[in-house]
2 protein chains.
Amino acid sequence: MSNVATNFTQRTINYDQLLGDFKVLLKKNNLKFTIQREVILETLYNSDEHLAPESLHHLLQDKFPELKIGIATVYRTLSLLEDSDMVTSLSFGAQGKKYELGAKNHHDHLICTSCGTITEFVDEEIEERQHNIADELGFTMQDHSMQIYGICKNCK
Amino acid sequence: MSNVATNFTQRTINYDQLLGDFKVLLKKNNLKFTIQREVILETLYNSDEHLAPESLHHLLQDKFPELKIGIATVYRTLSLLEDSDMVTSLSFGAQGKKYELGAKNHHDHLICTSCGTITEFVDEEIEERQHNIADELGFTMQDHSMQIYGICKNCK
DNA sequence: ATAATAGCGATAATAATTCTCAAAAGAAGA
DNA sequence: TCTTCTTTTGAGAATTATTATCGCTATTAT
Ligand SMILES: [Mn+2]
Ligand SMILES: [Mn+2]
Ligand SMILES: [Zn+2]
Ligand SMILES: [Zn+2]
């Protein structure tokens, strides 16, 4: 029995809850609830991918062509969501910066350097050691990230 | 007794050895041994910092003004060194891409989000788990990186 | 020393991200 | 619903980071 758990694409809360949280957050900072912000949240929620701003923009143009969402709005909204801890950004080596909705449990990533496939996993032993290390070095941990690069099963 | 080891700034090989390796590498790929490549290697060797290309360029202009090394050469040489596994690049959240000479033992990083200080450490337990995880998921590990973000002792 | 070739610096080009601004939309209250 | 105030938006300019181009120079092998 392995203690490596995979498959973290399932959401920890449903969309309505998430949207509710978002609205509360916006009101609290007297920001407005706009259709652009809503469809960006929804699109992130419905995507299992780790999205680059550019890819997200393309998705939005496909799904909501009538809105003509601008790339600047995508960047602005991603920053807003990241600042509010609703999305996380990841920097995967050559692949550049990507975003994923935070409405998942914390997890780390395995990246195939051949086909680019990303596998999510979590390992309790590592999570625990990370906390211990921070403690031992007199550090208050806020966040951590770990990536394993290599060749996936399919590619070999 | 902790099993977290810190302080990895010491080099695992001396500069002459490193330079020798570099010359061999260059010859093998019929690349030329130039003064620019030499001072870049030397400057990286003599720096304990994790350097952005821009910072390295400034260092070089200070220490070797007569060479008037161009920024393009810095980028080119860093890429060459990275491709040859002599330097490693790191992406520290907001701080952007930084490089460090690989002539150190493998290690991970703790980054203070307040003052930017970077502490290096290695933890054998985590290293081992990383290998196991890759194995269990049918993955051939090539590399891995881990960062812990938080507030350092001084900043609190 | 010569010839062949790779590397250099300057700078143009590209890519990614942020800024600016005038018009449009959302929130709150009358 | 209408009005007013404030925030947000899209378009495109500006900025930043990185890469490509090119004529000249430095290095290497002979
Ligand atoms: Mn993920
Ligand atoms: Mn380091
Ligand atoms: Zn693969
Ligand atoms: Zn600090």
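Note on naming: letters A, B, ... go to the chains in the order of the sequence lines (proteins, then strands), and numbering restarts at 1 for each one.
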Just the atom pairs and distances: protein N or O near nucleotides 11-16 of chain C's N or O, under 3.5 Å.
none

Could I get a table of every N or O pair under 3.5 Å where one atom is in the protein and the other is in nucleotides 14-16 of chain D?
none

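Rounding to whole angstrom units, CD1 of residue A:I35 and C1' of D:dT7 are separated by 16 Å. Rounded to a whole Å, the CD atom of B:Q36 is 14 Å from the P atom of D:dT25. Put simply, CZ on B:R76 is 10 Å from C1' on C:dA10, counting in whole angstrom units. If you measure from atom CD1 of B:I69 to atom C1' of D:dT25, you get 15 Å, rounded to the nearest angstrom.
Taking both residues in full, the closest heavy atoms of A:I151 and A:S114 are given as CD1-CB, 4.1 Å, listed atom of the first, atom of the second, then distance. Closest non-hydrogen pair, A:I126 versus A:D123, comes out as N-OD2, 3.0 Å. Taking each heavy atom of A:I111 and B:F139 in turn, the nearest pair found is O-CZ, 3.3 Å. The minimum heavy-atom distance between A:I148 and B:A134, with the atom names listed, is CG2-CB, 4.5 Å.
Residue B:K156 qualifies as enclosed at atom NZ: its count of foreign heavy atoms under 6.0 Å is above 12. Within a 6.0 Å sphere centred on NZ of B:K63, other residues, nucleotides and ligands contribute more than 12 heavy atoms.
Side-chain atoms of B:S55 do not come within 3.5 Å of backbone N or O of B:L51 as any donor-acceptor pair. In terms of modelled atom types and a separation under 3.5 Å, the side chain of A:S84 and the main chain of A:M86 share no donor-acceptor contact. Under a 3.5 Å cut-off, the side chain of B:H131 and the backbone N or O of B:M141 do not form any donor-acceptor pair. Checked by atom type and distance alone, the side chain of B:H107 never pairs as donor or acceptor with a backbone atom of B:T119 at under 3.5 Å.
Of the residues in residues 20-34 of chain B, B:N30, B:L31, B:K32, B:T34 come within less than 4.0 Å of DNA chain C through at least one heavy atom, sorted by number. Contacts of residues 77-85 of chain A with DNA chain C (heavy atom under 4.0 Å): none.
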Tell me which donor-acceptor pairs under 3.5 Å the side chains of residues 20-41 of chain A have, and how far apart each pair is, sequence neighbours excluded?
| from | atom 1 | to | atom 2 | distance (Å) |
| --- | --- | --- | --- | --- |
| A:T34 | OG1 | A:R37 | N | 3.2 |
| A:R37 | NH1 | A:K32 | O | 2.8 |

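Checked against ring pair (Phe, Tyr, Trp, His ring centres under 6.0 Å), B:Y149 has no partners two or more places apart in sequence or in another chain.
Put simply, the residue from A:Q147, A:K98, A:H50 that forms a side chain to side chain donor-acceptor pair (under 3.5 Å) with A:H109 is A:H50.
Of all nucleotides listed (C:dT17, C:dG7, D:dT8), D:dT8 comes nearest to the side chain of A:R37.
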